[in-house]
Number of protein chains: 2
Amino acid sequence: MNPAALEAAMPLDPDRAAREARKMQRSRQLLDAAARVMEREGSHAVSMQAVADEADVSVGLIYRYFGGKDELLLAVILNVLEDFASTVPAAVEAAGDDPVERLAAAFGAYCRVIERHRHATVLTYRESKSLDEAGRRRIKEYEVETTQPLVGVLRDGIDAGAFRPVEPEMVAYNLLLVAHAWALKHWYFERTLSFEDCVRNQLSLALHGLIEPRQRRRYTRFLEASERRSRPSTVAPGS
Amino acid sequence: MNPAALEAAMPLDPDRAAREARKMQRSRQLLDAAARVMEREGSHAVSMQAVADEADVSVGLIYRYFGGKDELLLAVILNVLEDFASTVPAAVEAAGDDPVERLAAAFGAYCRVIERHRHATVLTYRESKSLDEAGRRRIKEYEVETTQPLVGVLRDGIDAGAFRPVEPEMVAYNLLLVAHAWALKHWYFERTLSFEDCVRNQLSLALHGLIEPRQRRRYTRFLEASERRSRPSTVAPGS
DNA sequence: ACGACAAGTAAACGTAGGTTCATTCCCCTG
DNA sequence: CAGGGGAATGAACCTACGTTTACTTGTCGT
């Protein structure tokens with residue numbers, strides 16, 4: 001019997017419950033501190049001391065809540081993935097039945113999670129090396145899982161004739177990558193685009209490659225965003 | 001007067017030249033060893049000892065050729081970028097005048113460089129933190145520079161009326177990202193795709209979003225690759 | 001008020017790994 | 001053969017950091 005099962009067996013103890021709650025709160029605090037510290041000094045690797053300082057606690061305390069640095073790191077990363085898992089499907093459901101609307105909602109939600117956890121996202125790429133094989137597997141599997149809403153939306157859209165018959169898994173992962181790009185290449189994109197503009201442009205670009213040509217006219221509002229504002233000069237287009 | 005200038009002033013000294021050549025050779029050897037060692041034990045951070053062992057030299061020797069670990073890392077990364085800078089423009093030139101052909105050549109060349117240096121590429125994401133600000137800036141600027149061929153091809157294609165009027169910088173960077181994805185998410189893509197198939201699919205997908213609708217019919221050979229082989233089952237497409 | 005137990009602290013420890021340096025090796029010239 | 005100088009070695013050094021642990025503080029029931 002694991003602790004969780006035991007707790008479920010006796011849900012009445014208020015003392016136990018209160019302590020659990022405070023423990024959760026502390027965990028969150030530490031997690032947030034860890035996320036924040038890598039936001040500030042993005043260049044150095046994250047040291048336990050730095051996390052402790054950020055959270056205004058002592059180093060030793062972290063070890064009461066997390067088994068070690070690996071576990072803390074893993075927790076930060078999983079925290080992001082949980083945000084995907086709870087946010088994206090909800091956004092899709094709220095978007096109605098139209099496949100394009102649903103895809104737009106899913107992608108938008110995905111991007112917004114990234115924006116919320118921008119630095120934790122790059123952490124996934126930077127520090128996943130220091131995790132053991134089990135941790136890495138867990139992250140990979142969870143990441144694949146978070147793309148399932150996108151895959152579903154794409155598949156439905158294809159079956160409904162709104163999208164071209166592409167490989168949904170591949171396209172979904174491409175969308176994931178483009179979303180990650182906002183975190184990974186932030187120094188590049190922020191030079192010319194705001195977050196919202198970036199999302200709109202990327203979505204428009206993707207939809208141009210996805211939507212079945214005959215359906216185009218119904219979705220012009222999604223498709224216009226990525227066009228350049230200035231016309232391409234006076235050169236005659238007929239080559 | 002720096003050493004290079006001095007050497008240029010007396011190009012006749014064969015002794016000096018021979019030494020320079022041997023020095024270069026050793027540098028390459030160490031660089032290759034560094035690249036290889038992170039290929040083998042991809043998970044751990046790369047230790048100087050490991051690099052030394054791989055190159056069959058002593059640790060101390062590395063410091064005769066590189067100022068320290070940072071410099072070695074930077075050299076490995078710049079080495080990849082140099083490959084882009086020398087390979088991609090050549091491929092574009094060899095591709096003729098057609099904008100789509102040129103883009104396909106540029107993207108293909110880009111991807112092939114990534115494949116050649118797959119592990120060094122993920123290194124760029126993983127370890128760039130341990131570089132100083134100057135090193136990181138250098139990498140960023142060089143990276144932007146390597147996308148210029150793509151930007152040029154896109155811009156020309158737009159002016160020629162072959163591509164839709166998109167933002168060339170953004171699309172170019174998306175292509176770069178999709179190419180990097182082969183290295184970053186190799187564990188995912190390799191499950192279902194060979195390298196060549198992946199490149200073809202990605203290119204096809206991108207072109208579907210790029211090519212001016214009226215020009216489509218001329219480029220069907222590029223556009224078919226990303227279609228699913230099996231028809232989407234017997235579900236009636238009319239929703 | 002007083003033990004008892006959880007919550008929290010900070011100094012000490014251990015070690016991995018980057019860097020240095022005294023020494024040895026090797027080749028070339030006189 | 002001698003000796004000089006660059007190439008190469010690897011053991012010793014040093015620092016940073018993850019982890020442990022002996023200790024202090026706070027809280028609660030009786």
Side-chain angles (χ1 to χ4, degrees), chain A residues 3 7 13-31 33-34 37-38 40-41 43-76 123 126-127 129-132 135, chain B residues 3 6-7 13-31 33-34 37-38 40-41 43-76 123 126-132 135:
Chain A
E7 201 193 354
D13 188 342
D15 197 9
R16 174 76 55 115
R19 271 214 297 265
E20 281 303 315
R22 282 204 302 174
K23 204 150 191 167
M24 267 301 147
Q25 195 176 331
R26 260 280 196 259
S27 295
R28 278 249 101 75
Q29 178 194 353
L30 292 174
L31 239 59
V37 78
M38 60 201 39
R40 192 151 24 71
E41 39 199 314
S43 64
H44 302 44
V46 184
S47 76
M48 294 301 256
Q49 189 62 57
V51 174
D53 290 351
E54 178 71 27
D56 266 317
V57 297
S58 64
V59 212
L61 189 65
I62 303 182
Y63 287 84
R64 292 213 168 266
Y65 293 85
F66 298 93
K69 196 185 182 183
D70 292 3
E71 215 171 280
L72 178 60
L73 233 50
L74 185 60
V76 171
L123 190 81
R126 269 205 338 215
E127 311 278 340
K129 68 175 189 312
S130 69
L131 268 46
D132 58 1
Chain B
L6 275 176
E7 202 193 354
D13 189 342
D15 198 9
R16 175 75 56 115
R19 271 213 298 264
E20 281 302 315
R22 282 205 300 177
K23 204 149 191 167
M24 268 298 146
Q25 194 177 330
R26 260 281 196 257
S27 295
R28 277 249 101 74
Q29 178 194 354
L30 292 174
L31 240 59
V37 79
M38 59 201 38
R40 192 154 22 72
E41 41 199 312
S43 65
H44 301 44
V46 184
S47 77
M48 293 301 257
Q49 190 61 57
V51 174
D53 289 351
E54 178 70 28
D56 267 317
V57 297
S58 65
V59 214
L61 188 64
I62 304 182
Y63 288 84
R64 293 214 165 265
Y65 293 86
F66 298 94
K69 197 185 183 183
D70 292 2
E71 215 170 281
L72 178 62
L73 234 48
L74 186 60
V76 170
L123 191 81
R126 269 205 338 216
E127 311 277 340
S128 66
K129 69 177 188 312
S130 68
L131 267 46
D132 57 0

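Letters A, B, ... mirror the listed sequences (proteins, then strands); counts begin at 1.
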Measure the distance from [atom1] on [X] to [atom2] on [N] and round it to the nearest whole Å.
{"X": "A:Ile62", "N": "D:dT21", "atom1": "CD1", "atom2": "C1'", "value": "16 Å"}
{"X": "B:Leu61", "N": "C:dT20", "atom1": "CG", "atom2": "C1'", "value": "14 Å"}
{"X": "A:Glu127", "N": "D:dG18", "atom1": "CD", "atom2": "C1'", "value": "14 Å"}
{"X": "A:Lys69", "N": "D:dC17", "atom1": "NZ", "atom2": "C1'", "value": "8 Å"}
{"X": "A:Leu30", "N": "D:dG18", "atom1": "CG", "atom2": "C1'", "value": "16 Å"}
{"X": "A:Arg64", "N": "D:dT21", "atom1": "CZ", "atom2": "C1'", "value": "10 Å"}
{"X": "A:Glu71", "N": "D:dG18", "atom1": "CD", "atom2": "P", "value": "15 Å"}
{"X": "A:Met48", "N": "C:dG14", "atom1": "CE", "atom2": "P", "value": "19 Å"}

**Item:** Spatial distance of atom CD (B:Glu127) from atom CE (B:Met38) [nearest 0.5 Å]
**Value:**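 Atom-to-atom, B:Glu127:CD and B:Met38:CE are 7.0 Å apart.
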**Message:** Using a 4.0 Å heavy-atom cut-off, does B:Val51 contact any base of the nucleic acid, only the sugar-phosphate backbone, or nothing at all?
**Reply:** nothing
**Prompt:** Using a cut-off of 4.0 Å on non-hydrogen atoms, how would the nucleic acid contact of A:Val59 be classed: base, sugar-phosphate, or nothing?
**Reply:** base
**Item:** First encountered from the 5' end of DNA chain D, between B:Ser58 and A:Tyr63
**Value:** B:Ser58
**Item:** Audit row: B:Asp132, B:Asp70, side chain to side chain contact (heavy atoms under 4.5 Å, CB included) steps and yes/no
**Value:** CA-CA 8 Å; B:Asp132 57 0; B:Asp70 292 2; 5.6 Å; no
**Asked** Counting side-chain heavy atoms from CB outward, which of D:dT9, C:dT9, C:dG18 is closest to B:Ser47?
**Response**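 When the side chain of B:Ser47 is considered, C:dG18 is the closest of D:dT9, C:dT9, C:dG18.
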**Asked** So does A:Arg22 get a side-chain nitrogen or oxygen closer than 4.0 Å to the phosphate oxygens (OP1/OP2) of C:dA6?
**Response** no
**Prompt:** Between C:dG8 and A:Tyr65, is there an OP1 or OP2 to side-chain N/O distance shorter than 4.0 Å?
**Reply:**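 Yes, within the criterion.
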**Intermediate values then yes/no, side chain to side chain contact (heavy atoms under 4.5 Å, CB included), A:Val37 and A:Asp53** = CA-CA 9 Å; A:Val37 78; A:Asp53 290 351; over 6 Å; no
**Request:** Start with the C-alpha gap between A:Arg22 and A:Gln25, add the side-chain angles, then the distance that decides, and say whether side-chain hydrogen bond (donor to acceptor under 3.5 Å, both in side chains) holds.
**Result:** CA-CA 5 Å; A:Arg22 282 204 302 174; A:Gln25 195 176 331; over 6 Å; no
**Prompt:** For the residue pair A:Ser27 and A:Phe66, what are the closest heavy atoms and their distance?
**Reply:**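 So the two residues come closest at O-CZ, 4.2 Å.
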